[in-house]
*Asks:* 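Sending over a structure as structure tokens; questions will come in a sec.
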Amino acid sequence: MVSFKTVWLFSILSLSFFCFASWKSSNVGVKGLVLLVGRALLVLGLVSWLVSVVAPRISSLALRPPRSFPEAPEDEVEQKRKLARREQQDEYSQKASTYQENILKPRQEAKFRKKEEHFYRMTGEAWKLSEGYALGLDQDSEEGAVLGEEDFTSESPNQEALRRRKLPESATRPPPPLEPPRQKRIIVLPEEPSNGVDGVVTIALRCPSGRILKRRFLKSHSTQVLLDWMLKIGYHPAIYTVCTTYPRRPLEIGKETSLEDTGITSDTVLNVDEKDPST
């Protein structure tokens, strides 16, 4: 490192050479040269003072050794890291177990119960969802009061369960007698007479669909054959009836009433009308 004296000597020599060169290249006299040298020395002294004041501080700051902290043993640092890692892991495990117990487990149990209930309802075993009740609880007190000191120790478990079982009334009630099946009525219309026979009338039925059907009957036939004919063509007497054209009224129907009795003595047109629900 260059010493301070060497720098000071080099500065004086440089300043002297600069002043001499400036004086040679200018028209300044000796007096001006002296003033120039004095000013240069003043500036040089001021700079030297600043350097002497600031340089030690800068060198002290630059050359100050760094602060040294006591180094902890590596084993102790590693133990602290392991302890902090274990505490963090325990905290995460506790949070996970709490979340599983309070949220996941109730959610899974509710979903399982819903699936189980849906399965039992689909298989027709919804009774398995009820808690049930013990059999024979209401009968024990009555049997104890009636039987007194009677001993049931000789009964087998099956016999005791059968004695205490309380069956519903529908299971003990005898089934009602079966009604004999109704015989299906076979509709047989009388043979259609020919046109040349005496007492023959042609009846035309005007259906609700607009279709008109014609058939010949004898005046002596009962009006019941009209209902049989109507049923045979697809109109049930429970819903439809036979009406006259004018005036529009239901025709009197009966097994003892003939067509002639109702006023049908010639070819007639009758209507198939739907019955009035109020009647």
Side-chain angles (χ1 to χ4, degrees), residues 111 113-133 135 138 162 165-279:
K111 189 181 295 184
R113 285 196 301 269
K114 189 175 181 180
K115 288 184 178 179
E116 186 180 20
E117 182 179 356
H118 178 69
F119 172 76
Y120 284 139
R121 293 188 184 280
M122 292 294 292
T123 56
E125 298 177 347
W127 55 271
K128 290 185 178 181
L129 300 174
S130 62
E131 296 181 359
Y133 58 92
L135 296 176
D138 297 337
L162 181 63
R165 185 171 55 186
K166 186 176 182 180
L167 297 176
E169 185 179 356
S170 59
T172 58
R173 184 188 307 164
L178 298 176
E179 296 181 359
R182 295 181 180 180
Q183 294 182 355
K184 189 175 181 181
R185 181 187 172 194
I186 301 175
I187 300 174
V188 179
L189 295 176
E191 188 178 353
E192 187 175 5
S194 59
N195 284 327
V197 179
D198 188 19
V200 175
V201 293
T202 301
I203 298 178
L205 280 183
R206 184 182 288 113
C207 303
S209 62
R211 185 178 53 166
I212 298 177
L213 302 176
K214 295 181 180 181
R215 198 180 191 280
R216 292 185 298 274
F217 294 96
L218 294 175
K219 298 177 184 179
S220 59
H221 286 159
S222 66
T223 53
Q224 182 66 35
V225 296
L226 297 177
L227 294 183
D228 295 341
W229 182 30
M230 184 179 66
L231 179 60
K232 201 169 185 66
I233 63 178
Y235 295 95
H236 200 281
I239 304 174
Y240 297 92
T241 185
V242 180
C243 298
T244 59
T245 305
Y246 186 81
R248 197 83 166 210
R249 59 182 177 79
L251 190 68
E252 184 180 353
I253 302 297
K255 292 183 179 181
E256 304 298 332
T257 305
S258 63
L259 297 176
E260 189 176 4
D261 294 340
T262 57
I264 301 175
T265 57
S266 60
D267 296 345
T268 308
V269 178
L270 299 176
N271 296 322
V272 178
D273 291 341
E274 191 173 355
K275 285 185 176 180
D276 189 2
S278 61
T279 57

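Reckoned from all heavy atoms, side chains included, excluding hydrogens, waters and symmetry mates. Here the structure is a predicted model, which means the values were calculated and not measured.
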*Asks:* In chain order, what residues pass the salt bridge (Lys or Arg N to Asp or Glu O under 4.0 Å) check against Arg249, with sequence neighbours excluded?
*Replies:*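 Scan of Arg249 (salt bridge (Lys or Arg N to Asp or Glu O under 4.0 Å), adjacent residues dropped) gives none.
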*Asks:* Heavy-atom distance under 4.5 Å between the side chains of Arg216 and Val197, does that happen here?
*Replies:* no
*Asks:* Please output the side-chain donor-acceptor pairs of residues 199-213 that fall under 3.5 Å, not counting sequence neighbours, one pair per line with the distance.
*Replies:*
{"unit_1": "Arg206", "atom_1": "NH1", "unit_2": "Asn271", "atom_2": "OD1", "d": "2.8"}

*Asks:* Would you check if Thr223 and Leu259 make a side-chain contact, meaning some heavy-atom pair closer than 4.5 Å?
*Replies:*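 Of all side-chain heavy-atom pairs linking Leu259 with Thr223, at least one is under 4.5 Å.
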*Asks:* Would Glu117 and Arg113 pass as an ion pair if we require N to O under 4.0 Å?
*Replies:*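 Result for this pair is no, no salt bridge flagged.
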*Asks:* Could you tell me whether Glu252 atom CD has more than 12 heavy atoms of other residues or ligands within 6.0 Å of it?
*Replies:* no
*Asks:* What distance do Lys275 atom NZ and Cys243 atom SG have between them, rounded to the nearest 0.5 Å?
*Replies:* 10.0 Å
*Asks:* Taking side chain as C-beta onward, heavy atoms only, is Lys219 less than 4.5 Å from Ile264?
*Replies:* no
*Asks:* Return the set of residues passing salt bridge (Lys or Arg N to Asp or Glu O under 4.0 Å) with Glu260 (not counting sequence neighbours), or none when no residue passes.
*Replies:* none
*Asks:* At what distance, to the nearest 0.5 angstrom, does CZ of Arg215 lie from CH2 of Trp229?
*Replies:*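 Separation between the atoms: 7.5 Å.
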*Asks:* If you draw a 6.0 Å radius around CD in Glu191, do more than 12 non-hydrogen atoms from other residues or ligands fall strictly inside?
*Replies:* no
*Asks:* With side chains defined as the heavy atoms from C-beta onward, is the minimum distance between Glu116 and Tyr120 less than 4.5 Å?
*Replies:*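 Glu116 reaches Tyr120 side chain to side chain.
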